[in-house]
Amino acid sequence: MTRVEFAIVGAGPAGIAAATLAAELGLDTMLVDEQGSPGGQIYRAVERARPGSPLGPDYLAGAPLAAALRASRVEYRPGTGLWHVEPEGRLYVAAAGRTETILARRILLATGAIERPVPIAGWTLPGVITVGAAQILLKTADLVPEGRMVLAGQGPLLYLVAQQLVRAGAPPAVILETTPPANYRQALGALPLRSAGVRPLLKGLLTILAVRSAGVPVRRGVCGLHAIGGESLERVVWDGGEIAADHLLLHEGVIPNVQVGLALQLRHDWDEHQLCWRPALDPWGQTSLPCIAVAGDAGSIAGADAARLSGQLAALDAAMLLGHIDQRERDRRAQPIRAALGRDRALRHFLDRLYRPARSVLAPDDDEIVVCRCEEVSAGHVRRAARLGATGPNQLKAFTRCGMGPCQGRVCGPVVAAVLADALDKPIAEIGTWRPRAPFKPVTVGALADAETADW
Amino acid sequence: MFRPRPDAMPATVPVIVEGRLVHVPPGASAAAAVLAAGFRGIRETPVSGSKRAPYCMMGVCFDCLAEIDGVPGRQSCMVEAQAGMRIRRQIGARHIDPTP
């Protein structure tokens with residue numbers, strides 16, 4: 001068994017910033033991460049990026065973060081996946097088929113975000129991937145889609161990736177924007193007028209302009225999106241149009257990755273602005289369990305810079321709670337970080353309103369649409385189970401096997417909650433969510449047997 | 001299909017996908033190798049036999065499950081491609097060889 005003071009899960013901007021600051025403050029710190037190199041998804045494979053990369057300067061800004069981690073005293077464990085965690089601070093991680101048991105005095109979950117599921121007809125066809133997946137292929141393997149490519153959905157990442165694909169010599173054939181027209185009016189009221197919000201806003205507008213001036217056509221207010229094909233994608237159809245396509249890239253924003261926190265039964269709230277579950281946190285990232293904190297997009301979607309800052313706050317709090325600094329020192333060091341966080345959040349309300357997904361993204365109307373990709377359970381199956389008496393997601397499992405496949409409900413969770421909410425005429429907050437269980441990732445029997453549990 | 005972008009990193013890691021040799025850059029995942037090799041699907045679901053391909057590329061969706069170096073049920077998007085790695089599609093549920 002390995003003992004550490006501070007164990008951090010996830011080496012994205014939040015986890016790296018927390019780990020390096022904690023080590024600097026004298027905490028015996030370990031950082032575990034599934035990927036082979038630091039950066040998380042946003043700065044994935046950033047250590048191999050070169051100037052002039054089609055991914056652009058904002059991506060390259062992650063390189064110093066990774067370098068700081070490498071230069072620090074943090075015990076960094078790449079290629080290491082968390083498969084179980086117990087509330088009093090025991091972590092079970094697997095690397096190269098073996099389990100290591102870690103006893104930590106404090107844990108920080110910096111598990112980042114996942115892309116919101118986009119349940120449309122045909123979204124399980126080969127040829128349909130997420131916009132984020134296309135970006136990961138570009139970051140890690142220098143691969144771009146070949147043939148005719150359609151981007152559909154909305155959100156800052158959609159246009160960023162469109163621009164990166166243009167730069168990488170693979171311009172999309174068309175962008176189908178699904179932003180509901182009413183969102184523009186809603187967002188106008190939240191338009192940031194202070195300078196802190198204006199700069200990122202201009203940056204976003206320039207990205208959109210760059211994509212348009214590269215000749216990529218954009219269709220606005222698209223609804224009724226379908227992917228059609230036999231064994232793989234052949235056409236993309238929407239209300240009033242269609243196009244032959246080899247690739248369809250979907251995106252409707254990102255939501256916190258709450259899988260581990262739900263398994264720990266941390267208190268979670270339904271966020272009505274960002275339309276997702278998020279853990280209930282105090283201003284330092286403290287959760288409802290005494291030794292566990294959350295930082296970055298895993299707590300609330302705010303982007304890479306805010307993630308880095310919230311990671312630093314969590315590290316300061318851990319340093320105080322473990323006796324390395326006193327409260328005055330923590331608060332003094334936190335002041336400039338909180339000020340920067342405030343500036344960074346200036347644009348967030350505007351983005352949340354502008355890119356609020358249509359209700360049909362949360363809960364598809366068409367009964368035939370698959371919601372649980374693993375067990376191939378449709379929206380109609382879920383509605384039928386609700387009529388038969390399924391009261392919530394966990395009972396729904398017994399009716400349909402929905403959420404019981406290999407992904408353990410990671411993808412279908414938010415969709416199931418919304419479909420059940422509509423069917424039972426209750427708010428999503430009341431419907432609740434899955435209770436995931438360990439192992440979080442597939443492990444061999446041998447790796448299970450390695451675990452040093454408290455009872456042995 | 002996917003292709004390398006212009007000015008890509010040299011693809012120096014040889015991987016065998018369903019008997020087909022393909023080279024990917026260091027750091028690419030096994031799932032990326034499958035796509036680079038020109039396969040559209042990587043598995044068939046145990047439920048209906050429908051064809052699936054990597055969807056999220058970040059360990060969330062499990063639609064990239066494949067047999068890697070003889071071990072079935074692996075998330076190919078989370079496994080870094082290594083020289084000589086053998087990747088096979090997974091048809092239906094994974095099979096376990098009962099021999100000790």
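Each chain gets a letter, A, B and so on, in the order its sequence line appears, and its residues count up from 1.
For chain B, the nearby parts of A:Ile114 are the backbone and the side chain; heavy atoms of each come within less than 4.5 Å. For A:Arg44, the part sitting under 4.5 Å from any heavy atom of chain B is the side chain, from C-beta outward, and nothing else. For chain A, the nearby part of B:Asp63 is the side chain; its heavy atoms alone come within less than 4.5 Å. For A:Leu250, the part sitting under 4.5 Å from any heavy atom of chain B is the side chain, from C-beta outward, and nothing else. Contact annotation for B:Val60: both backbone and side-chain heavy atoms come within less than 4.5 Å of a heavy atom of chain A. Only the side chain of B:Leu65 comes within contact range of chain A, judged by heavy atoms closer than 4.5 Å. Contact of A:Gln41 with chain B is made through the side chain alone, with heavy-atom distances under 4.5 Å. In this structure, chain B has a heavy atom under 4.5 Å from the side chain of A:Gln35, while its backbone stays farther away. For B:Pro54, the part lying near chain A is the backbone, with the side chain staying farther off; criterion is any non-hydrogen pair under 4.5 Å. If you measure heavy-atom distances from A:Ala45 to chain B, you find no contacts under 4.5 Å at all. Both the backbone and the side chain of A:Leu143 come within less than 4.5 Å of a heavy atom in chain B.
Separation of atoms OG (B:Ser29) and CG (A:Leu137) is listed at 7.0 Å; rounding is to 0.5 Å. Distance check, rounded to the nearest 0.5 Å: CD of A:Gln408 to CZ of B:Phe62 gives 6.0 Å. A:Ile129 CD1 to B:Cys61 SG: the interatomic distance, rounded to the nearest 0.5 Å, is 10.5 Å. The distance from the CZ atom of B:Arg74 to the OG1 atom of A:Thr444 is 9.5 Å, given to the nearest 0.5 Å.
The shortest non-hydrogen separation linking B:Arg40 to A:Ser232 is NH1-OG, 3.2 Å. When all heavy atoms of B:Cys56 and A:Ala133 are compared, the closest pair comes out as O-CB, 3.4 Å. Residue B:Ser48 comes nearest to A:Glu376 through the heavy atom pair OG-OE1, 2.6 Å, listed as atom of the first residue, atom of the second, then distance. Residues B:Gly59 and A:Lys441 share a closest heavy-atom pair of O-NZ, 3.3 Å. For A:Arg50 against B:Asp7, the heavy-atom pair with the smallest separation is NH2-O, 3.8 Å. Taking every heavy atom of both residues into account, A:Ala141 and B:Ala28 meet most closely at CB-CB, 3.7 Å.
Per-residue heavy-atom pair counts under 4.5 Å with chain B were compared for A:Leu165, A:Thr124, A:Asp246, and the maximum is reached by A:Thr124. Of all the listed residues (B:Met1, B:Arg3, B:Met58, B:Met57), the one sharing the greatest number of non-hydrogen pairs under 4.5 Å with chain A is B:Arg3. In terms of non-hydrogen atom pairs under 4.5 Å with chain B, the most contact-rich of A:Val411, A:Thr140, A:Val144 is A:Val144.
The local environment of CZ in A:Arg70 is crowded, with over 12 non-hydrogen atoms from other residues, nucleotides or ligands closer than 6.0 Å. Enclosure of atom CZ in B:Arg20 by more than 12 non-hydrogen atoms of other residues, nucleotides or ligands within 6.0 angstrom is indicated. Summarising the local packing, CD of A:Glu231 is surrounded by 12 or fewer heavy atoms from other residues, nucleotides or ligands at distances under 6.0 Å.
Put simply, the side chain of B:Arg52 gets close to the backbone of A:Arg373: a donor and an acceptor are under 3.5 Å apart.
Within the 4.5 Å cutoff, no side-chain heavy atoms of A:Arg48 are placed close to those of B:Pro26. Two residues are said to be in side-chain contact when any heavy atoms from C-beta on lie closer than 4.5 Å; A:Pro126 and B:Phe39 fail this criterion.
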In a table with atom names and distances, give each donor-acceptor pair under 3.5 Å that connects a side chain of residues 9-17 of chain B to protein atoms at least two apart or in another chain.
none

